[in-house]
2 protein chains.
Amino acid sequence: MQQKRTGSRTLAGDAYEAIRQAIGAGDFKPGDRLRFADLQALCDMSVTPVREALARLTAEGFTVLDDHRGYSVAPLSLAELRDVTATRQLCEGEAVRLSVLNGDADWEARLVAAHHLMARIPQVRDDMPTAMREDWEARHATFHAALVSACGSPVLLEICEKLFSRADRYRRLSVSLSGGARDVAGEHRRLVELALARDAEGAASALREHYGLTAAALEGFFAV
Amino acid sequence: MQQKRTGSRTLAGDAYEAIRQAIGAGDFKPGDRLRFADLQALCDMSVTPVREALARLTAEGFTVLDDHRGYSVAPLSLAELRDVTATRQLCEGEAVRLSVLNGDADWEARLVAAHHLMARIPQVRDDMPTAMREDWEARHATFHAALVSACGSPVLLEICEKLFSRADRYRRLSVSLSGGARDVAGEHRRLVELALARDAEGAASALREHYGLTAAALEGFFAV
DNA sequence: GAGTCAACGATTTTCGAAAATCTTCTCCAT
DNA sequence: ATGGAGAAGATTTTCGAAAATCGTTGACTC
């Protein structure tokens, strides 16, 4: 076996990326068991790096471990969506507040740049090519990361990152329905305005509301 | 090789416990490299479970991974102490607030019981036998866990747990100096009083102050 | 018919060694 | 002296198979 590295410096890193992407793409559904045999076939490597990748994914909440019964994709639920949203409102709200208070001109530049890149892709829609949608997701993540990047607290930042990717799973579940009554681009624009105007409380409120609206839009999926 | 399990259901779990304890006990100092050979000797097992244990410890911030250069004990610093403290004040403050708002009689009972167990051990002092100090640490952790346990947000709770053990490393660094001017037991008692009186904001403030004082007492260690 | 238990198959978990990578030291040219 | 190439040693990372464990099936008893 033994094939070349794609991006990271270890096979375990590659496995992490591959499995995470496969989960994001829906190849494995929430609750599905993740058998080592399948994952080894997917990643084309031995069990050891796969195991390490799953350990990392479990730490971030993507997968869960049941002793001697292996790993499975973490289930999605309305309760967790609400929980993650509330915790995000707390942590990222504070992080953006601190960012606005502490951020310098470099931070402003990063924020404006990230926003511009995201805004260039018109609107997330179902009929978009997958590649463009993936591209938007990446820029969206970069934008939100930029927003909080000047908070000055690495610990808080790490928490925000993890919460973001955890919420991301819910967002990807529903590319379709957000199209309607909501002005996501406007919300993002307003966040930038408030940040540049150095309105810390306002930006924090706007971000909390932004997440609240996103969660509300997703709740429909669990009305089954 | 292949020895019996101590508590968990897998060797990896045992390794996790053993290494975590060894770090807590100071057998490995912050910044020390953790060589697999040493850890295998310590745990008396092969490399695979040790590797999994380190992956988990890294996820919780006890250790850090440098690709192809292995793991080492996460360094301690004044900056991180302050960062962790501030983040704890944010997250645990909110968690205790929610706990007071949502907690039922069972929660009150858990809290009172945990406090009682902790209060029975008089005071943490240098001349205490190690076993008793370890015992107090465990009860202290249980007490703080009980305090936030009714917040209703598993995600927030998990964050609090991780932050607690991360801060724990700093506390264990200094069993000695807290003895002086501070009334830790009184602070704990006051927390229980406020919680039982259903003063959510008061309890949150008291907890934030409690952590602030703890951090302040520890800052001396980094004045080197 | 319901319940217990042993054996089987599927899967995870662990092992011990091989391969890959980094670090250090030596030696040589500048 | 200084700096760099290259070999040797130490350590991590990965492999492929063996061992341990779990869930299930099916025979056997009450």
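A note on names: the letters A, B, ... follow the listed sequences, proteins ahead of strands, and every chain is numbered from 1.
- Between D38(B) atom CG and dT11(D) atom C1' there is a gap of 11 Å when expressed in whole angstrom units.
- Annotation: side-chain hydrogen bond (donor to acceptor under 3.5 Å, both in side chains) contacts of R208(A) (sequence neighbours excluded): none.
- In this structure, T10(A) contributes its side chain and G13(A) its backbone to a donor-acceptor pair below 3.5 Å.
- For A146(B), the side chain to side chain contact (heavy atoms under 4.5 Å, CB included) partners are L111(B), A114(B), not counting sequence neighbours.
- Scored by the ring pair (Phe, Tyr, Trp, His ring centres under 6.0 Å) test, H188(A) finds H140(A), F143(A), H144(A), H210(A) as partners (sequence neighbours excluded).
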Identify every side-chain donor-acceptor pair in residues 26-37 of chain B under 3.5 Å, counting partners at least two apart or on other chains, and give the distances.
from	atom 1	to	atom 2	distance (Å)
K29(B)	NZ	G26(B)	O	2.8
D32(B)	OD2	K29(B)	N	2.9
R33(B)	NH2	R69(B)	O	3.0

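- Every residue two or more places apart in sequence or in another chain that forms a side-chain hydrogen bond (donor to acceptor under 3.5 Å, both in side chains) with T214(B) is listed here: R182(B).
- Atom CG of L11(B) is separated from atom C1' of dA18(D) by 14 Å (rounded to the nearest Å).
- Residues from residues 47-62 of chain B that place a heavy atom under 4.0 Å from any atom of DNA chain D, listed by number: V47(B), R51(B).
- Rounded to a whole Å, the CG atom of D67(A) is 16 Å from the C1' atom of dG23(D).
- Here S149(A) pairs with R110(A) under the side-chain hydrogen bond (donor to acceptor under 3.5 Å, both in side chains) rule; sequence neighbours left out.
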Please tabulate the protein-to-nucleotide N/O contacts below 3.5 Å involving nucleotides 5-11 of chain C, giving atom names and distances.
from	atom 1	to	atom 2	distance (Å)
dT11(C)	OP1	R35(A)	NE	3.0
dT11(C)	O3'	R33(A)	NH2	3.3

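- Legend: residues meeting side-chain hydrogen bond (donor to acceptor under 3.5 Å, both in side chains) with T58(A), ordered by chain and number and at least two apart, are T63(A).
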